[in-house]
Asks: 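Have a look at this one before I ask anything.
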Amino acid sequence: MNRTVDARTLKSCLHDGAEIALLDVREQGQYGESHLFFAVPFPFSRLEVAAPRMLPRLSTRLVVYDDGELSVAQRAARRFEELGYANVHVLEGGTRGWAAAGFALFAGVNVPSKTFGELVEHACHTPRVSAAQLLEMRRAGRDVAVIDGRPLSEFRKMSIPGARCCPNGELAYRIRAMVPDANTTIVVNCAGRTRSIVGAQTLIDLGIPNPVYALENGTQGWYLADHELEHGATRGYPEIARDEDLSAARAHARSLAERHGVRWIDDPQACEWLADEARTTYLLDVRTAEEFAAGSVTGAVHAAGGQLIQATDQWVAVRNARLLLVDADEVRAPVVASWLRRMGHDAHVLRAGIASTARVEIASARLPDVRSMPAAALRRALDSRDVEAIDLRSSMAYRKAHVPGSMWSIRPRLEDLLPRVGDRRVVLVADDSGIARIAAFDLARAGVRQVAMLEGGFAAWQAAGGAIESTPDSPSDAQCIDYLFFVHDRHDGNKDAARRYLAWETQLLAQLDERDLGSYRIGPGVAAARK
C-alpha cells in the first residue's frame with residue numbers, strides 16, 4: 001500500500017527547505033495541460049530510464065501524482081519502491097485534489113523557468129523593442145546585431161532574417177567575438193519571451209557597453225506582425241581560439257556570480273558533496289555538446305547553460321539539491337550559476353573545471369534483457385501474421401511513418417492491447433531500447449509470454465528497405481497523451497497557437513502565490529511583479 005500525502009501537507013513540504021522531488025508521472029501532453037508549479041515531468045513510460053540520473057539518491061523524498069483517476073501514480077510509486085526508493089508518497093487526489101484544496105494548476109512546460117523570465121523583466125526593467133521598432137532600426141540603417149539565444153536546432157526551424165545563433169549560455173563567452181564594436185545595438189531574441197529577456201539581461205548584467213534590448217515576443221512576435229521568417233538558417237557563433245584573451249570576460253563573470261552568492265568549489269569539497277548520501281548533488285557541464293563529447297569530468301551530465309536556465313526541470317528533479325557546474329573557461333559556469341541562484345537553486349562552480357579529479361558514478365537503469373529481432377525476421381513474421389508489432393515511439397513519429405500494420409501505444413496503455421495480442425508474439429518498435437525493455441517488463445507481468453524488440457529500431461527497418469505507412473490522423477489527437485499541441489503548433493505557422501502561447505506566458509505571474517513567488521531571489525522588484 002503506497003503512502004499518501006494530502007495537498008496542504010505537500011504545499012508545506014515544498015517550502016520546508018529539505019530535499020523533495022515532486023514528480024508528475026503522466027505523459028508529456030497530459031502534464032502540459034495541467035500540473036503543479038514545482039512538478040517535474042517524469043513520464044511513467046520512461047521511469048526506469050530517467051531515475052538513475054534524475055534521482056540518484058534512493059532515500060530522496062518522492063511525491064508522485066497523476067490526475068487522481070488514472071492509477072498511474074500508484075503504479076509508478078510501486079515501481080519506484082521496487083527499484084529501492086525508500087521514501088515514496090502519492091498525492092491524494094492528484095491534480096484534482098490539489099485544485100480542490102484551493103491551489104493553482106499550471107499549463108505548459110518548464111513553468112518555473114518561464115515564470116522566472118517574466119519576473120526578471122519586471123524586476124530588472126529589461127529594455128525591449130517590438131518587431132516594428134526592430135524593423136525601423138534596420139530600415140534606418142542603424143548598426144544592429146540580432147542574436148538568437150536558442151540552440152541551433154531551434155534556430156534552423158525559424159529565425160529572423162539576418163539573425164545569428166548564439167545560445168544564451170554562450171553569450172558571455174562569445175559576444176565580443178560576435179559583436180566587436182561597442183557601438184553596435186544588440187537585440188536578443190528567442191521563440192517567445194524567456195530567453196530573449198534572460199539573454200538581454202545577461203549582457204546588461206555583465207556590463208557590456210553596447211545598447212542591449214530583448215525582442216518583445218521573439219520570433220512569434222515578428223511573425224504575428226506579418227514579417228517573414230527565415231527557415232533553415234545556420235549562421236552561428238565563432239569558435240574561441242585557445243589562446244584568446246578572456247581575462248575581461250572572466251572578471252565580469254566572476255563579479256556577477258559573486259554578487260549572487262556563487263561559490264567556487266575545490267576538488268576535495270566536490271568529492272565530499274558527490275559522495276554525500278544525505279544530500280543530492282548534480283554535476284552539470286554547461287558547455288556545448290561538441291565540447292562535452294570531447295571530454296568532461298567523469299560522470300558529469302551535459303546541460304547546455306542556456307537550456308539549463310530555460311528548462312531546469314529537464315536536468316534537476318530534486319528541489320533544494322546542490323548544482324555543481326562545470327566549464328573550461330571560467331566564464332560560462334559562473335554566469336549560468338548566477339542565474340540559477342536567482343531562480344532559487346543552490347548552484348556553484350567547480351573550480352578546476354573539466355580538469356577536475358572529482359567523479360560521480362551514475363547507476364545504470366535496472367532493466368530486463370529482451371531478445372532482439374532483425375528487421376528481415378520481423379518482415380517474415382508479419383507476412384505470416386505470426387506477431388503483433390507495437391510501436392513505442394512518439395505519437396507524432398508514428399503518424400509520420402511506421403511499420404505497416406503496427407499499433408501505436410505507450411506504457412500506461414499497453415494493457416489495452418492485450419485482447420488483440422492474444423497468444424501471439426509481440427515485437428516492440430522503439431528508438432530507445434530502454435523504453436522497449438520497460439514495456440517488455442510490463443507485458444511479461446501481464447502474461448505475454450514472448451516479447452522481442454526490433455533490432456536497431458525503426459531506423460533499421462527503414463535501412464533494410466521495409467515498407468512504410470503514414471497515418472496523419474492516427475492515433476487521434478485525444479490518444480496522443482505524449483504531445484502538447486498548443487506548445488508545438490506555434491512552430492508550424494499557426495498564428496492562433498502563437499497568440500495563445502504568448503498569452504499563457506505573460507499570464508503566469510498572476511497565478512503565483514506568495515510562497516511560490518518567494519522561492520525566487522531576483523531582488524526587491526519581485527514582490528511588485530504581480531501587482
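Start at 1 with the first residue, then count along the sequence. Being a predicted model, the structure only gives us computed values, none of them experimental.
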Asks: Is any side-chain heavy atom of Asp346 closer than 4.5 Å to one of Asn320?
Replies: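 No, too far: nothing below the 4.5 Å cut-off.
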Asks: State whether the number of non-hydrogen atoms from other residues, nucleotides or ligands found under 6.0 Å of Asp423 atom CG is greater than 12.
Replies: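 Incorrect, the count does not exceed 12.
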Asks: Roughly how far, to the nearest 0.5 Å, is the CG atom of Leu36 from the CG atom of Leu14?
Replies: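 That separation rounds to 7.5 Å.
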Asks: Using the ring of each side chain (for Trp, its six-membered ring), is Phe116 parallel, tilted or perpendicular to Tyr520, with breaks at 30° and 60°?
Replies: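 Ring orientation of Phe116 relative to Tyr520: parallel.
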Asks: For Val5, is there any backbone N or O sitting under 3.5 Å from a side-chain donor or acceptor partner on Thr9?
Replies: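 Here the side-chain-to-backbone pair does not exist.
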Asks: Identify whether NZ of Lys or CZ of Arg in Arg79 sits under 6.0 Å from the centre of the six-membered ring of Phe441 and within 45° of that ring's axis.
Replies: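 Verdict for Phe441: a cation-pi partner in Arg79.
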Asks: Hey, what do you get for CG (Leu119) to CG (Leu508), rounding to the nearest 0.5 Å?
Replies: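 Going from the CG atom of Leu119 to the CG atom of Leu508 covers 9.5 Å.
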Asks: Checking salt bridge (Lys or Arg N to Asp or Glu O under 4.0 Å) between Glu19 and each of Arg57, Arg319, Arg61, which is the one that passes?
Replies: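 Output: one option passes, namely Arg57.
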Asks: Please tell me whether His260 and Trp339 form a close aromatic pair, meaning their ring centres lie under 6.0 Å apart.
Replies: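 No, the ring centres sit 6.0 Å or more apart.
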Asks: Roughly how far apart are Lys11 NZ and Arg8 CZ, rounded to 0.5 Å?
Replies: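 CZ of Arg8 is found 10.5 Å from NZ of Lys11.
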Asks: Using a 3.5 Å distance criterion without hydrogens, assess whether the side chain of Ser470 forms a donor-acceptor pair with backbone atoms of Lys400.
Replies: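 Confirmed, Ser470 side chain pairs with Lys400 backbone.
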Asks: Might you point out which heavy atoms bring Val451 and Val370 nearest each other, and give the distance in Å?
Replies: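 Distance-wise, the nearest heavy atoms are O-CG1, 3.8 Å.
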Asks: So do Tyr31 and Leu484 actually touch side chain to side chain, heavy atoms under 4.5 Å?
Replies: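 The answer is no, as the side chains (C-beta and beyond) never meet within the 4.5 Å cut-off.
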Asks: Please tell me if the side chains of Phe44 and Ile410 come closer than 4.5 Å, counting only heavy atoms from C-beta onward.
Replies: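 They are not in contact (no side-chain heavy atoms under 4.5 Å apart), so the answer is no.
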Asks: How close do Ser59 and Glu277 get, counting heavy atoms only, and between which atoms?
Replies: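 Shortest heavy-atom separation between Ser59 and Glu277 comes out as OG-O, 3.9 Å.
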Asks: Is Tyr65 reaching over with its side chain to a backbone N or O of Ala39, donor-acceptor style, under 3.5 angstrom?
Replies: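 Checking the backbone N and O of Ala39 against the side chain of Tyr65, no donor-acceptor pair under 3.5 Å is found.
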Asks: For side-chain hydrogen bond (donor to acceptor under 3.5 Å, both in side chains), just list the numbers for Asp391 and Ser406, CA-CA rounded to whole Å, side-chain angles, deciding distance to a tenth of an Å, and then say yes or no.
Replies: CA-CA 6 Å; Asp391 195 317; Ser406 63; 4.5 Å; no
Asks: Would a distance-only check, ignoring hydrogens and angles, find a side-chain to backbone donor-acceptor pair under 3.5 Å from His89 to Thr4?
Replies: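 Flag not set: sc His89 to bb Thr4 has no pair under 3.5 Å.
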Asks: Can you check whether Phe38 and His15 have ring centres sitting under 6.0 Å from each other?
Replies: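 Between Phe38 and His15, the centre distance is under 6.0 Å.
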Asks: Thinking salt bridges, do Arg399 and Asp477 make one under a 4.0 Å N-O criterion?
Replies: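 Salt bridge present between Arg399 and Asp477.
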Asks: Would you find a donor on one side and an acceptor on the other, under 3.5 Å apart, between the side chain of Glu33 and the backbone of Gln30?
Replies: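 Pair absent, no side-chain N/O of Glu33 close to backbone of Gln30.
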Asks: Looking only at the side chains, is there a donor atom on one of Arg195 and Gln307 sitting less than 3.5 Å from an acceptor on the other?
Replies: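 A pair is found: one side chain offers a donor N or O, the other an acceptor, under 3.5 Å apart.
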Asks: Show the numbers, then the answer: is there a side chain to side chain contact (heavy atoms under 4.5 Å, CB included) between Arg26 and Asp67?
Replies: CA-CA 8 Å; Arg26 298 171 298 166; Asp67 73 348; 4.0 Å; yes
Asks: Hydrogens and angles aside, do Thr194 and Glu505 bring a side-chain donor and acceptor to less than 3.5 Å of each other?
Replies: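 Present: a donor and an acceptor within the cut-off.
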Asks: Tell me if a side-chain donor or acceptor on Asp482 pairs with a main-chain N or O of Ser395 at a distance below 3.5 Å.
Replies: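 Looks like yes, one N/O pair under 3.5 Å.
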Asks: I want to check something: taking the side chain as every heavy atom from C-beta on, are Leu340 and Val316 in contact at a cut-off of under 4.5 Å?
Replies: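 SC-SC contact between Leu340 and Val316 ruled out.
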Asks: How about Arg322 and Tyr282: do any of their side-chain heavy atoms sit closer than 4.5 Å?
Replies: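 The answer is no; the side chains never approach within 4.5 Å.
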Asks: Considering only heavy atoms from C-beta outward, does the side chain of Leu350 approach that of Asp267 to under 4.5 Å?
Replies: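 Yes, their side chains come closer than 4.5 Å.
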Asks: Can you tell me how far the CZ atom of Phe80 sits from the CG atom of Leu62, to the nearest 0.5 Å?
Replies: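 Going from CZ on Phe80 over to CG on Leu62, the span is 5.5 Å.
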Asks: Closest heavy-atom contact between Pro404 and Glu469?
Replies: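 Smallest heavy-atom distance, with atoms named: CA-OE1, 3.4 Å.
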Asks: Taking NZ, NE, NH1 and NH2 as the nitrogens, is one of them in Glu291 or Arg332 under 4.0 Å from a carboxylate oxygen of the other?
Replies: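 Arg332 and Glu291: salt-bridged.
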Asks: If you draw a 6.0 Å radius around CZ in Arg46, do more than 12 non-hydrogen atoms from other residues or ligands fall strictly inside?
Replies: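 No, the 6.0 Å shell around CZ holds no more than 12 heavy atoms from other groups.
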Asks: Please check this pair: side chain of Arg385 against backbone of Ala381, looking for a donor-acceptor N/O pair closer than 3.5 Å.
Replies: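 Not confirmed, Arg385 side chain does not pair with Ala381 backbone.
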Asks: Could you tell me which non-hydrogen atom of Trp461 sits nearest to which non-hydrogen atom of Ala375, and how far apart they are?
Replies: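 Nearest pair, atom of Trp461 first, then Ala375: CZ3-O, 3.6 Å.
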Asks: Under the salt bridge (Lys or Arg N to Asp or Glu O under 4.0 Å) rule, what do Asp513 and Arg515 come out as? Steps first, then yes or no, please.
Replies: CA-CA 6 Å; Asp513 63 31; Arg515 280 189 284 183; 5.3 Å; no
Asks: With side chains defined as the heavy atoms from C-beta onward, is the minimum distance between Arg411 and Glu27 less than 4.5 Å?
Replies: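 Not in contact.
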Asks: Is a side-chain donor or acceptor of Asp16 paired with a backbone partner of Ala18 at a separation under 3.5 angstrom?
Replies: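 Present.
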Asks: Under 3.5 Å, is there a donor on one side chain and an acceptor on the other for Asp313 and Asn110?
Replies: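 Checked: Asp313/Asn110 side chains pair up, N/O donor to acceptor below 3.5 Å.
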Asks: Under 3.5 Å, side chain of Trp98 to main-chain N/O of Ala104, donor-acceptor pair present?
Replies: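 Here the side-chain-to-backbone pair exists.
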Asks: What's the verdict on side chain to side chain contact (heavy atoms under 4.5 Å, CB included) for Glu388 and Arg425, showing C-alpha distance, side-chain angles and the deciding distance?
Replies: CA-CA 6 Å; Glu388 286 287 355; Arg425 292 181 295 162; over 6 Å; no
Asks: If you measure only the distance, is there a donor-acceptor pair under 3.5 Å linking the side chains of Arg342 and Ser338?
Replies: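 Arg342 vs Ser338: donor-acceptor pair found between side chains.
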Asks: Show the numbers, then the answer: is there a side chain to side chain contact (heavy atoms under 4.5 Å, CB included) between Arg193 and Val198?
Replies: CA-CA 9 Å; Arg193 296 177 53 80; Val198 171; over 6 Å; no
Asks: Run Arg156 and Arg150 through side chain to side chain contact (heavy atoms under 4.5 Å, CB included) and show every step you take.
Replies: CA-CA 10 Å; Arg156 284 196 189 103; Arg150 301 171 297 161; over 6 Å; no
Asks: Are the side chain of Trp264 and the backbone of Pro334 linked by a donor-acceptor contact shorter than 3.5 Å?
Replies: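 Absent.
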Asks: In terms of the angle between their ring planes, are Tyr398 and Trp408 parallel, tilted or perpendicular, with boundaries placed at 30° and 60°?
Replies: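 Ring orientation, 0 to 90° scale: tilted.
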Asks: Grab the two heavy atoms, one from Leu325 and one from Ala333, that are nearest each other, plus how far apart they are.
Replies: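 Between these two residues, the closest heavy atoms are CD1-O, 3.7 Å.
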Asks: From Gln479 CD over to Asp473 CG, what is the distance, rounded to the nearest 0.5 angstrom?
Replies: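 Reported to 0.5 Å precision, the distance equals 11.5 Å.
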Asks: Using a 4.5 Å cut-off on heavy atoms from C-beta on, say whether the side chain of Ile354 contacts that of Arg287.
Replies: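 Yes. Closest side-chain heavy atoms under 4.5 Å.
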Asks: Parallel, tilted or perpendicular, judged at 30° and 60°: which one describes the rings of Phe37 and Phe106?
Replies: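 Phe37 and Phe106: tilted rings.
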Asks: Distance check, rounded to the nearest 0.5 Å: Leu274 atom CG versus Ser356 atom OG?
Replies: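 Answer for the CG-OG pair, Leu274 versus Ser356, is 8.5 Å.
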Asks: Restricting to non-hydrogen atoms, name the atom on Ala337 and the atom on Val349 that form the minimum distance, rounded to 0.1 Å.
Replies: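 Closest heavy-atom pair between Ala337 and Val349: CB-CG2, 4.1 Å.
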Asks: Would you indicate whether Glu82, at its atom CD, is surrounded by more than 12 heavy atoms from other residues, nucleotides or ligands within a distance under 6.0 Å?
Replies: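 Atom CD in Glu82 is packed in, count exceeds 12.
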